[in-house]
Number of protein chains: 2
Amino acid sequence: MINPFDDTYFMRKALQEAEAALEKGEIPVGAVIVVEDRIIARAHNLTELLNDVTAHAEMQAITAAANFLGGKYLKNCTLYVTLEPCQMCAGALYWSQISKIVYGATDAHRGCGVMKTTLHPKTEIVGGVLAKEAAAIMKRFFVEKRNLN
Amino acid sequence: MINPFDDTYFMRKALQEAEAALEKGEIPVGAVIVVEDRIIARAHNLTELLNDVTAHAEMQAITAAANFLGGKYLKNCTLYVTLEPCQMCAGALYWSQISKIVYGATDAHRGCGVMKTTLHPKTEIVGGVLAKEAAAIMKRFFVEKRNLN
């Protein structure tokens with residue numbers, strides 16, 4: 001039997017969040033957190049609207065998921081995020097002991113890979129899911145921004 | 001003329017925040033953010049109370065300071081924090097482009113130094129201010145916790 005709830009399915013939900021960020025003029029990054037095929041948190045980048053560098057999609061999703069679960073450790077949870085997490089977000093994910101991170105596009109400059117941020121030993125990380133779509137929405141943001149100037 | 005507003009003065013304010021965390025059963029870390037000898041944000045660790053790994057003293061202080069300033073970059077700001085920032089907090093401080101970080105005790109296991117977190121080129125970092133006092137309050141927390149078990 002085919003399971004419709006694969007990584008692509010949930011990454012599309014994260015991409016919808018990125019679209020919501022784009023509409024608000026935010027750098028378009030979206031995230032969802034999933035437990036047993038159920039989305040328990042959705043968030044998108046709000047750093048401009050909130051005037052707060054800590055308001056990345058992942059940070060808000062971690063807070064929302066912990067609130068839903070009633071505990072701060074994200075055991076058996078998977079984060080889907082359209083862009084590779086930065087040092088801050090990877091550092092928060094370290095503390096959360098999340099089971100899995102699935103990201104779309106690689107961030108070659110500020111991603112946790114190139115920055116060598118340490119993840120928790122319990123955390124598996126996979127990149128490149130719908131990477132083209134995730135990169136395309138980022139490109140749209142920067143092209144639109146340039147055209148405004 | 002002696003300036004009473006030196007690093008020791010503001011670190012004592014951060015230690016008062018750490019005391020407030022201790023009273024709530026939180027890992028006792030406190031922080032203040034200062035602009036031109038004026039405290040614009042005070043915070044202490046609330047990870048247990050809020051069930052949220054992102055609720056470190058520094059993260060809350062960054063959000064509060066940006067809110068006070070009306071902008072997300074912490075230019076000309078100094079963060080005083082009783083314990084060396086972790087990857088997450090150092091990553092947030094990277095995005096904030098804060099001018100200076102002054103910490104008390106070194107965190108030999110989870111500190112941004114040993115974890116090799118990248119700070120912003122605009123950020124200066126100094127450690128060891130009232131380190132003994134900052135380490136002593138951490139020790140009190142762990143001794144009290146052990147005695148409860």
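First the proteins, then the strands, lettered A, B, ... as listed; each starts at 1.
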Q.
Only pairs of heavy atoms separated by less than 4.5 Å count here; which of B:M115, B:R110, B:Q97 has the most with chain A?
A.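 The option with the most such pairs is B:R110.
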Taking [Y] as the starting point, is it possible to reach [X] by hopping between hydrophobic residues whose side chains are less than 4.5 Å apart?
X: B:L50; Y: A:L50; value: no
X: B:M59; Y: B:L49; value: no
X: A:L119; Y: A:Y73; value: no
X: B:F10; Y: B:V126; value: no
X: A:L83; Y: A:L46; value: no

Q. Going through the checks in order, is the side-chain contact (heavy atoms from CB on, under 4.5 Å) test met by B:T117 and A:T117?
A. CA-CA 7 Å; B:T117 314; A:T117 314; 6.0 Å; no
Q: Quick one: which of A:L93, A:T54, A:N67 has the most heavy-atom pairs under 4.5 Å with chain B, could you say?
A: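 Highest number of heavy-atom pairs under 4.5 Å: A:T54.
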**Q.** Selection from A:L74, A:L69, A:D52 maximising heavy-atom pairs under 4.5 Å formed with chain B
**A.**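 Of A:L74, A:L69, A:D52, A:D52 has the most heavy-atom pairs under 4.5 Å with chain B.
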Q: Answer yes or no: is there a side-chain heavy-atom contact under 4.5 Å between B:I62 and A:V53?
A: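 With C-beta onward as the side chain, the pair touches.
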(Q) Would A:Y94 and B:M88 count as a side-chain contact (heavy atoms from CB on, under 4.5 Å) here? Give the steps. (A) CA-CA 8 Å; A:Y94 172 94; B:M88 169 180 71; over 6 Å; no
Roughly how far apart are [X] [atom1] and [Y] [atom2], rounded to 0.5 Å?
X: B:N51; Y: A:K72; atom1: CG; atom2: NZ; answer: 8.0 Å
X: B:T47; Y: A:W95; atom1: OG1; atom2: CH2; answer: 9.0 Å
X: B:C89; Y: A:Q87; atom1: SG; atom2: CD; answer: 12.0 Å

